[in-house]
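Shown next, in structure tokens, is the structure this report addresses.
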Amino acid sequence: MDKRPQDRIAVVTGSARSLGHGIAALLHDDGLTVLMLDRDPSVIDAAARLERGGAKVKGYVADLSDKQEINAFVDEVHGTFGGCDVLVNNAGINLDKPDGSKFFVEEVTDDGWELMMNVNLRAPFLLCRGFVPAMKQRKWGRIVNVTSRAGRTYVAASNVHYSAAKAGLIGMTRMLAGECGASGITANCIAPGRIESDISSRQSADIIAKSMKGIPLGRVGTPAEIGSTVSFLASDGSAYITGATIDVNGGAFMG
């Protein structure tokens, strides 16, 4: 059975800072209990600082490149909360060179490819596989996968394995939408462009300058602007939207 909004449980990965923290804050403001997951132990303190009012926030530490740690987190959430109602797969990595420049295809190592796929694609799959059955039983659920403009179109500054993983996430989301719709579960993607984040700040000054020229709104986005989009997709008001990819990029890509 579906719950009242104030009784819903949201899981947000990669939420110690940047985009994920902005998403967690908006869902917390919406009254949901928010479970913040990150490999950085600072997520525990971040959750404690965020908690205020009646809604609960709890931080968890897990390495999303490690299948066993993901499964242990899923088991703990099921044991404590009976699963989750809103799953936001936000965590992601990029693997630029130390100087902030990209890897070309011939420079990508097997280990680099595997790590990128494990964190950016396998982890969302494992979390969906773990939490969807309980959503189906309740006949309600929201899955929001954070992909990238680089998963939607050619982005010269992107790495080939990053773009591949993010494009794969879009394909997986469409399949989830088709398979889970009859159970009252929606699955959608958000494709951010250049947003204030740890990943974007590590890129070279030349890459940042070039990308800014292609943004019609003339600025980078904020984590709160991604959070507000997730807030809508996690709400009852988005019940007739599924299998979609929403571009939040200041006009840098118009699909």
Side-chain angles (χ1 to χ4, degrees), residues 8-28 30 32-48 50-51 56-78 80-81 83-95 115-132 134-135 141-148 151 162 165-166 168-170 172-173 176 185-192 195 197-200 223-224 226-227 229-231 233-234 248:
R8 291 173 184 160
I9 308 297
V11 168
V12 183
T13 68
S15 45
R17 59 179 64 81
S18 299
L19 270 68
H21 192 273
I23 293 167
L26 264 292
L27 293 178
H28 172 267
D30 291 339
L32 282 71
T33 293
V34 182
L35 311 182
M36 299 169 63
L37 177 67
D38 204 290
R39 66 179 177 179
D40 187 340
S42 69
V43 71
I44 304 298
D45 290 337
L50 188 60
E51 186 169 9
K56 183 177 181 180
V57 185
K58 186 174 182 180
Y60 294 84
V61 179
D63 182 352
L64 291 180
S65 69
D66 188 315
K67 181 168 61 174
Q68 292 183 337
E69 292 193 23
I70 294 172
N71 291 335
F73 169 73
V74 170
D75 290 343
E76 183 169 349
V77 173
H78 276 295
T80 304
F81 299 97
C84 76
D85 306 284
V86 176
L87 172 61
V88 183
N89 286 305
N90 163 76
I93 61 168
N94 205 349
L95 299 174
L115 178 61
M116 190 81 77
M117 293 299 162
N118 285 348
V119 175
N120 291 358
L121 188 55
R122 186 182 71 174
F125 160 71
L126 292 174
L127 290 166
C128 288
R129 188 177 68 179
F131 289 126
V132 159
M135 292 181 183
R142 296 285 185 268
I143 299 169
V144 182
N145 292 324
V146 179
T147 179
S148 170
Y162 179 82
K166 290 299 188 178
L169 191 58
I170 294 172
M172 186 183 80
T173 303
L176 288 167
I185 301 167
T186 66
N188 295 286
C189 280
I190 295 175
I195 306 293
S197 70
D198 292 341
I199 289 178
S200 64
I226 302 299
T229 309
V230 173
S231 172
L233 291 176
V248 187

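Remember, it's a predicted structure, so these values are computed and weren't measured experimentally. Residue indices begin at 1 and follow the sequence shown.
Taking 4.5 Å as the limit, some side-chain heavy atom of V74 sits within range of a side-chain heavy atom of F131. Counting only heavy atoms from C-beta outward, the side chains of L126 and L64 never approach each other to under 4.5 Å. The shortest side-chain heavy-atom distance between V230 and L26 does not fall under the 4.5 Å cut-off. With a 4.5 Å cut-off on side-chain heavy atoms, P124 and T13 do not count as touching.
Within a 6.0 Å sphere centred on CZ of R122, other residues, nucleotides and ligands contribute more than 12 heavy atoms.
Listed by chain and number, the residues in a side-chain contact (heavy atoms from CB on, under 4.5 Å) with A134 are H78, R138 (sequence neighbours excluded). For T147, the side-chain contact (heavy atoms from CB on, under 4.5 Å) partners are K166, L169, I170, C189, A191, T245, not counting sequence neighbours. Considering only residues two or more places apart in sequence or on other chains, S42 meets the side-chain contact (heavy atoms from CB on, under 4.5 Å) condition with A16, R17, D40. Take D63 and apply the side-chain contact (heavy atoms from CB on, under 4.5 Å) test, not counting sequence neighbours, and it matches S65, D66, E69. Qualifying side-chain hydrogen bond (donor to acceptor under 3.5 Å, both in side chains) partners for T229, counting only residues two or more places apart in sequence or in other chains: none. Listed by chain and residue number, nothing satisfies the side-chain hydrogen bond (donor to acceptor under 3.5 Å, both in side chains) test with T186 (two or more places apart in sequence, or in another chain).
Taking every heavy atom of both residues into account, P223 and S18 meet most closely at CB-O, 3.5 Å. For the pair V119 and G92, the tightest heavy-atom approach, listed with the atom from each and the gap, is CG1-CA, 4.3 Å. Nearest heavy atom pair, residue A234 against residue R142, reads O-CG, 3.6 Å. Listed here is the closest heavy atom pair of L121 and A165: CD1-O, 3.9 Å. Across every non-hydrogen atom of A24 and M36, the tightest pair is CB-CG, 4.0 Å. Of all heavy-atom pairs between R39 and V61, the closest is O-CG1, 3.7 Å.
Separating the CG atom in L176 from the CZ atom in F125 is a distance of 9.5 Å, to the nearest 0.5 Å. One finds the CG atom of D38 at 9.5 Å from the CD1 atom of I44 (value rounded to the nearest 0.5 Å). F81 contributes atom CZ, which lies 4.5 Å from atom NZ of K56 (distance to the nearest 0.5 angstrom). If you take CG on L233 and CG on N188, they are separated by 5.0 Å, rounding to the nearest 0.5 Å.
Under the side chain to side chain contact (heavy atoms under 4.5 Å, CB included) test applied with V132, the options I143, L87, L127 reduce to a single match, I143.
Judged by distance alone, the side chain of N90 and the main-chain N or O of V146 form no donor-acceptor pair under 3.5 Å.
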